[in-house]
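As the structure is a computational prediction, the values presented were derived from the model and not from experiment.
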Amino acid sequence: MLYRVETGLHANITDTQGRKTALHLLKALQIPVAAIRQIKVYTVDGLDAAQVNRLVDEGIWHDPILQQASLEPLPFVEPAPHWIVEVGYRPGVTDNEGRTARDTAAMVLGIARDSLRVYTSVQYRITCTPDRMLGREEVEALARDLLCNTLIQRFRVKSAEEWQAKPGFEAQAARVTGESNDTVDVVPLSVMDDEALQKASRDNTWALTLRELHCIRDQFATPGEQARRKAAGLPADPTDVEMEVLAQTWSEHCKHKIFASRIHYENRETGRSEEVNNLYKTCIRDATATIRKRLGDDDYCKSVFKDNAGVIAFINGYDACIKVETHNSPSALDPYGGALTGIVGVNRDPMGTGMGAELVCNTDVFCFASPFYDKELPPRLLHPRRVLEGVREGVEHGGNKSGIPTVNGSLVFDERYLGKPLVYCGTVGVIPTDINGRKGWEKKAEVGDIIVMTGGRIGKDGIHGATFSSEELHEGSPATAVQIGDPITQRKMYDFIMRARDLGLYNAITDNGAGGLSSSVGEMAEDTGGCVLDIAKAPLKYDGLRPWEILLSEAQERMTLAVPPARLDEFMELAARMDVEATALGHYTDSGFFDVRYNDRPVASLPMEFMHDGVPQLELEAVWEAPRVDDIRVDMPDSEQGAFLRRMLNRLNICSKEYIIRQYDHEVRGGSAIKPLCGVKSDGPSDAGVIRPLLESDAGLVISHGICPKFSDYDTYWMMANAMDEAIRNAVAVGGNPDALAGVDNFCWCDPVQSEKTPDGRYKLAQLVRACKALQQFSLAFGVPCISGKDSMKNDYTGGGEKISIPPTVLFSVMGVINNVIATQTSDFKAAGHHIYMLGGTWREMAGSEACSELGLTGGRVPNVDAATALPRYRAVHGLMGQRALSACHDCSDGGLAVALAEMCIGGRLGASIDLDAVPAMEDMTLTELLYSESASRLIVSVRPDLAMILDMLGSWQICRRIGTVTDDNTLTMTRGGVTVLQESVDDLTTAFKRTLDW
């Protein structure tokens, strides 16, 4: 029998959550309401009346001091509501709060938790304002647009009159029912024509090309394979289990087919053509190999491109690893769930690297359309502000509840991210160099090892996540592709894994990411050459899952391990003691086949070689023809320079992100040395994060990044170069050693494959080729090896008769070792009288600049990067850091010189007197161009007067000029030719900087 328990605040207590929701309605939808009160509803299945009453009477699900609970609908509180909306999860969607409520009830009642189900929902009691009475259609619209994500939730509405006639809502559980869970279908490839093959791929979200479908059909039609399958008790045609396994294994998301393709590249600028065979191997892998060979005995790379995260040497018997992932498609449909899954999902990458890493910090970068977007939204798309808020909250909950600090990140705004937001999440971990006599960063499953799954149970959430992310977003994108993470369950599993690692209870570990068990077991089986997996043994959240769904589900909080048979009992006992579910599902073999059973019945048997290496190589064409760009001059009257600087500080891509940063915990574990905000009031922007993972040591890790999609409209070659230079420069600005950095590349691209729906595919692919060539060149030039990376290649939206493609975007992240965190520096000015120097030259490079965007201008030259001059400059700054010679250091990027100086003044709450005639201008330019050019490789530093001679000496062989002095007059003053051209109070600049996102 189902019971409903309603819990809500006592009448005399202010409902702060309700007030927050009312404010959100006003700001996001411009709908004013007088009041909202929120009620939490628990629907219970599996208890009798006495048990439920005990939960209510003893306050198990509520705080009796603040809240009341009842099996009857709670009475209205004045002002009485006009409408009641109740929002709950759809069947099959993970309900983390319901699961926690279930476990708590089971513990209190002394019963097995599997014997009951608890489902949660939220009831909103809405009181309208006297001058704005909402109609039913408006209430249903605000429920759809703000209170409910219809992808994963459903809602019900009652008016006050309907409620009075029949109080409450009927009990409604989110139970999943379905066909028998042992149903396996045969896919008749042998009799399907091309049209039927393509339809099957579309209908089942396989995202397979016709050539790939032919390849699969041919494999199953070979006489040897037919005979083997008959002997194994399998049909001649593939089962649905096998087709789903191949679809996810061969997906763009997992196999990176575009990066691995053979490309005929034509450059119409130079008139030359070439064949590029595998961009990843030629431009990324081989560049790293060259750098490592060049380093010789000083090679600090331990593991690159072959594990869940890249690993470098750290210090004191530890190595460090880093991985950055994207979760774009799920976050477009469910911002909260998609982003939460993104952060807890990338946490599992270091957790499954080598023998398992201890997680030390997170980093995240988000790309959105403007939260102030005021046009009509295309079908299925959410408002950018709702996306921003959902993503922010998802990453906040995932990181904070996992006890992992967030030390670095940024936001990028462009209207083209309306179609698909980009959600980059990264995690850094440390691994003991030696664990029980073996290298901590290595792992290998052995023949006979037991396949064990730990952590959360399997549900329908996350099915087709890999293939769904391998195609464009559209109106019919599947709801089941979105997963809902549970950081508490994952944290328990993580603590257990660290203990099991130290006890030597397993030989290998990896996460259940894209493709679920199919991917994790399939990849680990490559160590031995095969496996036998019984998915009937897999623990499920509910009945009704078919075998292929069990195998492919990407339901969260799960890891797969290879446990030696002799240690299995000890492993299981430890899991039980630490309240972590662990299940043995099979064993690894050297058979050469990925064998899957459902109890005694074979449901899949795929040759390992075909499964992992059988996908045919794509053959693509790329044509580069540089877009026509006119030269422009940017000039404004001197009298407008102050007002324009305030406008610039108010821009979304420049303004303070304090509102978001404050909601992420960067202090947990006590290791953050350089925090996301710095300065006397901790509200100035930091260039990078520095964390001390081992508190007994002064050694630290610097984490920074660069991202410059605004330059992609001009040339992705320089977009990539500027992103790399920015990441390296940011690391150097806080004390990082430019000769000991490692990079992570994350490509997010619009569809670059020529087709009817992508008529400019050859150009977009040429953009990708150019970006990869820049990555290769500047990795070698700066000596920064890439140790990990990822790509997301279908970031387009089609719907409502329009197509929206993101600008080609690369996030380049950097991690490096800082031997002593004391020898680091922040961007804020420290004291009046300190001398200000600028390192690096300024050119008239205005293309893509924030100033041009503010003025509505396009054209000009895009900033170029000269690594040959930049690297010695970065080495010099690093040397000065080691001598503690610098009192402040800040990179000069978005917004140019004027914005960088303003940010340094804001951080220190100090003024500055700047002589613009002393700024190293490398060509003739207007005042506006000098102030707002975004030329690369520039840094602004300040030094004590008694140390200024060091910077003066540096100027004898570097572009380094003294441009001013820090002042105590709370004013940023700039002169040119002896005339004051800008004079603004730091308080006014601070107000402009912080106003935009201060909601």
Side-chain angles (χ1 to χ4, degrees), residues 288-289 291-324 346-361 404 407 426-446 494-511 524 527 559 561-564 567 669 671 673 690-703 736-737 739-744 784-788 813-821:
T288 292
I291 294 170
R292 296 187 69 182
K293 185 176 180 180
R294 185 192 300 167
L295 288 168
D297 293 340
D298 295 324
D299 179 17
Y300 48 86
C301 299
K302 293 291 188 74
S303 175
V304 299
F305 303 128
K306 64 180 181 180
D307 207 338
N308 294 330
V311 185
I312 64 170
F314 182 34
I315 202 166
N316 293 346
Y318 282 87
D319 298 317
C321 64
I322 183 171
K323 182 61 177 290
V324 182
V346 80
N347 287 166
R348 292 195 304 274
D349 280 314
M351 200 188 304
T353 296
M355 294 302 292
E358 181 181 353
L359 310 181
V360 297
C361 70
I404 304 170
V407 301
T427 302
V428 174
V430 294
I431 314 171
T433 303
D434 295 296
I435 301 175
N436 298 312
R438 64 194 297 177
K439 295 176 181 177
W441 48 271
E442 289 186 336
K443 63 187 177 188
K444 188 176 187 300
E446 304 290 343
Y494 163 63
D495 291 338
F496 158 68
I497 286 170
M498 291 297 99
R499 179 66 177 149
R501 179 200 72 180
D502 294 341
L503 292 172
L505 299 184
Y506 58 83
N507 286 327
I509 180 173
T510 195
D511 76 306
M524 290 177 69
D527 288 346
M559 303 290 285
L561 301 99
V563 179
R567 308 302 299 270
R669 298 171 59 93
V690 176
I691 191 161
R692 188 172 61 163
L694 311 172
L695 297 183
E696 66 275 12
S697 168
D698 287 332
L701 292 169
V702 58
I703 298 97
N737 181 355
D739 291 311
L741 301 175
V744 178
V784 176
C786 288
I787 60 171
S788 181
S813 305
V814 158
M815 178 176 71
V817 177
I818 292 180
N819 292 330
N820 188 347
V821 296

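- For the atom pair Asn737 CG and Ile818 CD1, the distance stands at 9.0 Å (nearest 0.5 Å).
- With respect to Asp527 and Lys444, no salt bridge is recorded, no charged nitrogen being found less than 4.0 Å from a carboxylate O.
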Item to complete: Could you please spell out the steps behind the side chain to side chain contact (heavy atoms under 4.5 Å, CB included) verdict for Ile497 and Tyr506?
Response: CA-CA 10 Å; Ile497 286 170; Tyr506 58 83; 3.6 Å; yes

Discussion item. For Asn308 and Thr510: C-alpha separation, side-chain torsions, deciding distance, then whether side chain to side chain contact (heavy atoms under 4.5 Å, CB included) applies.
Written reply: CA-CA 7 Å; Asn308 294 330; Thr510 195; 3.2 Å; yes

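- One side chain, Asn347 or Thr427, offers a donor N or O that lies under 3.5 Å from an acceptor on the other.
- Under the rule for a side chain to side chain contact (heavy atoms under 4.5 Å, CB included), Asp434 has no partner lying at least two apart in sequence or in another chain.
- For Asn507, the side chain to side chain contact (heavy atoms under 4.5 Å, CB included) test picks out Arg438, Glu446, Asp449, Pro564, with sequence neighbours left out.
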Worksheet entry | Intermediate values then yes/no, side chain to side chain contact (heavy atoms under 4.5 Å, CB included), Tyr494 and Arg348 | CA-CA 8 Å; Tyr494 163 63; Arg348 292 195 304 274; over 6 Å; no

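- For the atom pair CD1 (Ile322) and CG (Leu701), the distance works out to 9.0 Å, reported to the nearest 0.5 Å.
- Closest non-hydrogen pair, Cys361 versus Ile703, comes out as SG-CD1, 3.9 Å.
- With values rounded to the nearest 0.5 angstrom, Cys321 atom SG is found 10.5 Å from Glu358 atom CD.
- In this structure, Ala309 and Lys323 approach most closely via the heavy-atom pair CB-CB, 3.7 Å.
- Across Gly700 and Pro693, no two heavy atoms sit closer than the pair CA-CD, 4.3 Å.
- Within a 6.0 Å sphere centred on CZ of Arg292, heavy atoms belonging to other residues, nucleotides or ligands number more than 12.
- Annotation: side chain to side chain donor-acceptor pair (under 3.5 Å) contacts of Ser788 (sequence neighbours excluded): none.
- Taking both residues in full, the closest heavy atoms of Gly356 and Ile509 are given as N-CG2, 4.4 Å, listed atom of the first, atom of the second, then distance.
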Between side-chain atoms of residues 312-320 and protein atoms elsewhere (two or more places apart, or another chain), which donor-acceptor pairs fall under 3.5 Å?
from   : atom 1 : to     : atom 2 : distance (Å)
Asn316 : ND2    : Ser697 : OG     : 3.2
Asp319 : OD1    : Lys302 : NZ     : 2.8
Asp319 : OD2    : Lys302 : NZ     : 3.1

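- The shortest non-hydrogen separation linking Arg567 to Leu503 is NH2-O, 3.3 Å.
- Asn820 meets the side chain to side chain contact (heavy atoms under 4.5 Å, CB included) test with Asp698, Ile822; sequence neighbours excluded.
- For Val821 against Ala673, the heavy-atom pair with the smallest separation is CB-CB, 4.1 Å.
- Residues passing the side chain to side chain donor-acceptor pair (under 3.5 Å) test with Asp511: none are found, sequence neighbours excluded.
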Practice prompt. Starting from the C-alpha separation in whole Å, work towards a yes-or-no answer on side chain to side chain contact (heavy atoms under 4.5 Å, CB included) for Val817 and Tyr300.
Written response: CA-CA 10 Å; Val817 177; Tyr300 48 86; over 6 Å; no

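- Interatomic distance, CD1 of Ile691 versus CE of Met815, reported as 12.0 Å (0.5 Å rounding).
- A distance of 8.0 Å separates SG of Cys301 from CD1 of Ile291, quoted to the nearest 0.5 Å.
- Taking CE of Met351 as the reference point, atom CG of Leu359 lies at 5.0 Å (rounded to 0.5 Å).
- Using modelled atom types, one side-chain atom of Asp307 and one backbone atom of Gly354 make a donor-acceptor pair closer than 3.5 Å.
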